[in-house]
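Here the structure comes first, spelled out in C-alpha cells, and everything after it is commentary.
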There are 2 protein chains.
Amino acid sequence: MAGSGLSRELVLRAAVGVADEGGVGALTMRGLAESLGVEAMSLYHHVANKEAVLDGLVEVVMAEIEAAVAGLDGSGGWKAAMRRRVLAAREVLLRHPWAPGVFETRTGTSLAVAKYYDGVLALMREGGFDYELGHRALHALGSRALGFSQELFAPDGVEVPEDAVAAMAEHVPHLVAMIADASHGGAVLGWCDSQAEFEFGLDLILDGLERLRAAS
Amino acid sequence: MAGSGLSRELVLRAAVGVADEGGVGALTMRGLAESLGVEAMSLYHHVANKEAVLDGLVEVVMAEIEAAVAGLDGSGGWKAAMRRRVLAAREVLLRHPWAPGVFETRTGTSLAVAKYYDGVLALMREGGFDYELGHRALHALGSRALGFSQELFAPDGVEVPEDAVAAMAEHVPHLVAMIADASHGGAVLGWCDSQAEFEFGLDLILDGLERLRAAS
DNA sequence: ACCTGAACACCGTTCAAGT
DNA sequence: ACCTGAACACCGTTCAAGT
C-alpha cells in the first residue's frame, strides 16, 4: 500500500550516497538500511549480500563513467581521444574517492569494467594498434585508464602534520630537499598538484605507446 | 619463568605468517593471538591496536625490500640500477601478495616507505635528474617503484571460469579478439604473463623519463 | 610487568514469523 | 512478495582482576 518500494536500484543509489559521505568504511548493511528508513534484513530481498552491494557500487560508478565518456569528442587521433576519455573518467572518480579502493578488490569480475576496457582497446585498434601492442598498452596503463593511480603520500590530499615531517626529515634528506626545492611548495608532503602529476604520468605512457605504435 | 616471551616483533612476525597463509582477511586479533598460543587481549600489551599491526606489517615487508635492495649492483646508469631495484622489490612483494592492498591504505604515514622513495629519488639525482623531474618521476612510477601495479583482470592469477568468459564475449568483442589473437593464449582472461607485462610498463616509463632527463 | 576472562558495542547473515 | 524481530557467530576493544 504505497509502501516503501525498495529496489536494487534504490539500495545501490543509497549505498553510493553513504560511501560518498563517509567512505566504504561507513558502509554497513545496518547503516545502509537505516539511511533508507528500513530494517537491515529488508536489504537481503534486493541484494544477495554485502559483496553484491560492492559489486553494484562498481556498476553505478561505471555507468557514470560511460555516460561521461559517451559524449566525448573523438577527433585528433587516438592519443588525444584517449587522453580526453581518461580525464573524463577521472572526473567521475574524483566525485567518488572511495571508488578506486573498491575497484581494486573486484576488477576481474566486473562486466562493466571489462566493457570499459573493451572500449579503450577499440580506440587503440582504430588508432593503428595491433592486438599484441594493445594488450600491453592496457597493462601499461592499468588503472590509469580509469583515471586513478596509487598516490605515494597523503593519498586524498590529507595534510601531514608539520612535526611528523620534521621527525622524518633526517631520514629522508632527498625528499626534504625536493620539497624545499619545489617552487609551489610549503613544507608539507601533501603539497602536490595531483591532477598535474596524473596528467604527467598519463602523457608519459601515451607518448611511449605512440612511439611504439609508429615504429611497428 | 621461561614464560611466553611475547614481543612486538614476535606479534608482527606471526601476523605476516597469518597474512601469507590466508590474506589480510584472515588476520584477526583473535586469530593472531591463537596462532601465538595466547589470549587475544595479550596482544594489546605489545601493539596499540589492529591499525598498529597493519602499520607493523608494512614495516616488516619494507625491511625485507631494503635487505633485497641493499646488495644490488649499481652499475650501468640510473635506468639499469632502477630497473634492478624495482624488480628486486617486486620479488619480495610476490612472496606477500596481500602487501599491496595494505600499502595502499597506509602510504603517506609510513616512514619505511618514505625512506624507500628517498632512495629511489637519490638514485635519480645521481643519474642527473633535478628535483622537479625527480618529483614527477616519483609520481609517474607510483606504486611501480615498489614493484606492483593494479591488475585489470584476475588480479592474483585467479582463473576466470570458461562460461563466465562466454557470457561476457558478446559485450567485449575486442577483448575476446585480443585473447584469440594472443599467441600464448588459451581462452581465459587470466592468461597474462604478468611479469612480462609489468616489465613492459616499467620500461615504458623508465625510457620516457630518460628521454626527458637527456633533453633537460 | 604481563596475561586473562568477562563484557560491550559493533558486524554480516539466517531463520521463522508476520502481513 | 516483501518486510521484520530475535538470534547466531563473529569482530575490535575496554576493564577489572589476577599473577
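In what follows, chains carry the letters A, B, and so on, assigned in the order in which the sequence lines appear, proteins first and then strands, with residues in each chain numbered from 1. Bear in mind the structure is a predicted one, so any value in this text is a computation, not a measurement.
In this structure, NZ of Lys50(B) is placed 14 Å from C1' of dC10(C), rounded to the nearest angstrom. Whole-Å rounding puts the Leu43(A) CG to dC2(D) P distance at 14 Å. Between the CG atom of Leu54(B) and the C1' atom of dG12(D) there is a distance of 12 Å, given to the nearest Å. Between Glu51(A) atom CD and dG12(C) atom C1' there is a gap of 11 Å when expressed in whole angstrom units. Taking atom CE on Met41(A) and atom P on dT14(C), their separation rounds to 10 Å, with Å as the unit. The CG-P distance, from Leu32(A) to dC11(C), rounds to 12 Å in whole Å. Rounded to whole angstrom, the span from the CG atom of Leu36(B) across to the P atom of dT4(C) amounts to 11 Å. Between the CG atom of Leu27(B) and the C1' atom of dG12(D) there is a distance of 12 Å, rounded to whole Å.
If you check every strand for non-hydrogen atoms under 4.0 Å, Ser42(A) touches a base. Within 4.0 Å (heavy atoms only), Met29(A) reaches sugar-phosphate atoms of the nucleic acid but no base atom.
Nucleotide dC10(D): unpaired (no Watson-Crick or G-U wobble partner with both distances less than 3.5 Å). The pairing partner recorded for dC15(D) is dG5(C), the criterion being a Watson-Crick or G-U wobble arrangement whose two distances lie under 3.5 angstrom.
Here dG5(D) is the nucleotide among dT4(C), dG5(D), dG12(D) with the atom lying nearest to any side-chain atom of Glu39(A). Distances were taken from every side-chain heavy atom of His45(A) (C-beta onward) to each of dC11(D), dC3(D), dT13(C); the shortest belongs to dC3(D).
At distances below 3.5 Å, not a single donor-acceptor pair connects side-chain atoms of Tyr131(B) with backbone N or O atoms of Arg125(B). Side chain of His46(B) to main chain of Leu6(B): a donor-acceptor pair is present (N/O by atom type, distance under 3.5 Å, no hydrogens or angles). Of the possible polar contacts, one joining the Ser143(B) side chain to the Phe148(B) backbone as a donor-acceptor pair under 3.5 Å is found.
Ion pair Lys115(A)/Glu66(A) not flagged as a salt bridge, since none of the NZ, NE, NH1 or NH2 atoms sits closer than 4.0 Å to an Asp/Glu carboxylate oxygen.
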Could you give me the CA-CA distance, side-chain angles and deciding distance for Val86(A) and Leu141(A), then say whether side-chain contact (heavy atoms from CB on, under 4.5 Å) is met? CA-CA 10 Å; Val86(A) 170; Leu141(A) 283 167; 5.7 Å; no

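Between Arg30(A) and His46(A), the residue anchored nearer the 5' end of DNA chain D, judged by the nucleotide with its closest heavy atom, is His46(A).
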